[in-house]
Amino acid sequence: RQPAIRHRTASGSPGAATRSSSATTRPRSAPPTLLLHGTRDLSTPVAWALEEAARIPNSKVVIVKGAAHTVQQTERGDAGRKAVYAFLNR
């Protein structure tokens, strides 16, 4: 099975972001899933990543201290990229 990296964004108007869970549409079995999160992500709370991980079988949460929403792309340092690399090569 191929690992999946799930990414969710806020929906709704600015300042009133809402999150929706895909729990009702998610299959009972899921491919390995990485939820990569930064502690300074202003658009998606860390709590969301933890809640989703609890609902997704075979998932892993990696929280990068001090990183923002673009933890795997533009953050200084390589903690996000290392987490993705390790996940894909496990």
Side-chain angles (χ1 to χ4, degrees):
R1 295 190 308 186
Q2 293 294 320
I5 298 176
R6 297 174 189 251
H7 181 261
R8 286 193 170 267
T9 57
S11 61
S13 62
T18 59
R19 302 277 180 268
S20 63
S21 171
S22 56
T24 57
T25 60
R26 186 176 297 114
R28 291 181 187 247
S29 64
T33 303
L34 175 64
L35 294 128
L36 182 61
H37 214 289
T39 58
R40 290 187 27 216
D41 186 334
L42 301 178
S43 65
T44 309
V46 171
W48 176 86
L50 299 173
E51 290 169 6
E52 285 297 301
R55 293 183 184 112
I56 301 171
N58 201 18
S59 65
K60 178 178 180 173
V61 176
V62 174
I63 299 172
V64 180
K65 185 178 180 180
H69 190 73
T70 56
V71 62
Q72 77 282 5
Q73 298 169 352
T74 61
E75 292 292 323
R76 287 186 222 147
D78 58 359
R81 288 182 294 282
K82 281 184 177 181
V84 171
Y85 182 80
F87 181 79
L88 294 174
N89 289 293
R90 62 186 181 131

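Remember, predicted model here, so these are calculated numbers, not experimental data.
Arg55 contributes atom CZ, which lies 14.0 Å from atom OG1 of Thr33 (distance to the nearest 0.5 angstrom). In this structure, the separation between CZ on Arg90 and NZ on Lys60 is 7.5 Å, given to the nearest 0.5 Å. The CD atom of Glu51 sits 11.5 Å away from atom CD1 of Ile56, with the distance rounded to the nearest 0.5 Å. Once rounded to the nearest 0.5 Å, the distance linking CG of Asp41 with NE2 of His37 reads 4.5 Å. We find the CG-CG distance between Asn58 and Leu34 to be 11.5 Å, quoted to the nearest 0.5 Å.
Judged as a side chain to side chain contact (heavy atoms under 4.5 Å, CB included), and not counting sequence neighbours, the contacts of Ala53 are Leu35, Ser59, Val61. Among residues two or more places apart in sequence or in another chain, the salt bridge (charged side-chain N to carboxylate O under 4.0 Å, His left out) test is passed with Lys82 by Asp78.
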(request) Kindly indicate, with the supporting measurements, whether the criterion side chain to side chain contact (heavy atoms under 4.5 Å, CB included) is fulfilled by Thr44 and His69. (result) CA-CA 8 Å; Thr44 309; His69 190 73; 3.6 Å; yes
(request) Please lay out, stage by stage, how Val64 and Thr39 fare under the test side chain to side chain contact (heavy atoms under 4.5 Å, CB included). (result) CA-CA 6 Å; Val64 180; Thr39 58; over 6 Å; no
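Across all non-hydrogen atoms, the minimal contact from Val46 to Gly38 is CG2-O, 4.0 Å.
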